[in-house]
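Take a look at the structure set out below.
Reckoned from all heavy atoms, side chains included, excluding hydrogens, waters and symmetry mates. On a predicted model such as this, the values are computed, not experimentally measured, just so you know.
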Amino acid sequence: MKNKFRLLLWLIYLLGLLFLFLFSGNKYAWMAEIDPSVSLDSIQDNSDNNMFAFLILCALIGVQVLAFVLEKGIRKVIPALIALITALVYALLN
């Protein structure tokens, strides 16, 4: 794979990972940190952040699948590991 295309895939992946961190998790978690008597289950959250974060996860996995298909030799292991790590990060954030 050409180095410029590989760099572009890395930039897309890193930008997507940043968005995944920004849009994952509960945006009201700070309330429970300030006042432990507040239950996060009692706060109604009607946002679609979880769906958006899942779509970002799918895009990130898609970028790594593309990188996996285009790489040759032992370098195919790297995108597979990165896709696995991305799925684990998503699971920990949600």
For the atom pair [atom1] ([X]) and [atom2] ([Y]), what is the distance rounded to the nearest 0.5 Å?
X	Y	atom1	atom2	result
L81	Q64	CG	CD	10.0 Å
L92	L88	CG	CG	6.5 Å
F68	I61	CZ	CD1	13.0 Å
R75	L70	CZ	CG	12.5 Å
L20	F52	CG	CZ	10.0 Å
L15	I56	CG	CD1	9.0 Å

Can you get from [X] to [Y] by hopping between Ile, Leu, Val, Met, Phe, Trp and Tyr side chains that sit under 4.5 Å apart?
X	Y	answer
L17	V65	yes
V77	I85	no
L84	Y13	no

Does any part of the side chain of [Y], heavy atoms only, come nearer than 4.5 Å to the side chain of [X], both counted from C-beta?
X	Y	result
L14	F19	no
F5	L66	yes
Y90	T86	no

Heavy-atom count around L11 CG within 6.0 Å, excluding the residue itself: above 12?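 Counting other residues, nucleotides and ligands, CG of L11 exceeds 12 neighbours.
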Compare every heavy atom of K76 with every heavy atom of E71, then report the nearest pair and how far apart it is.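 Taking every non-hydrogen atom into account, O-CE, 3.1 Å.
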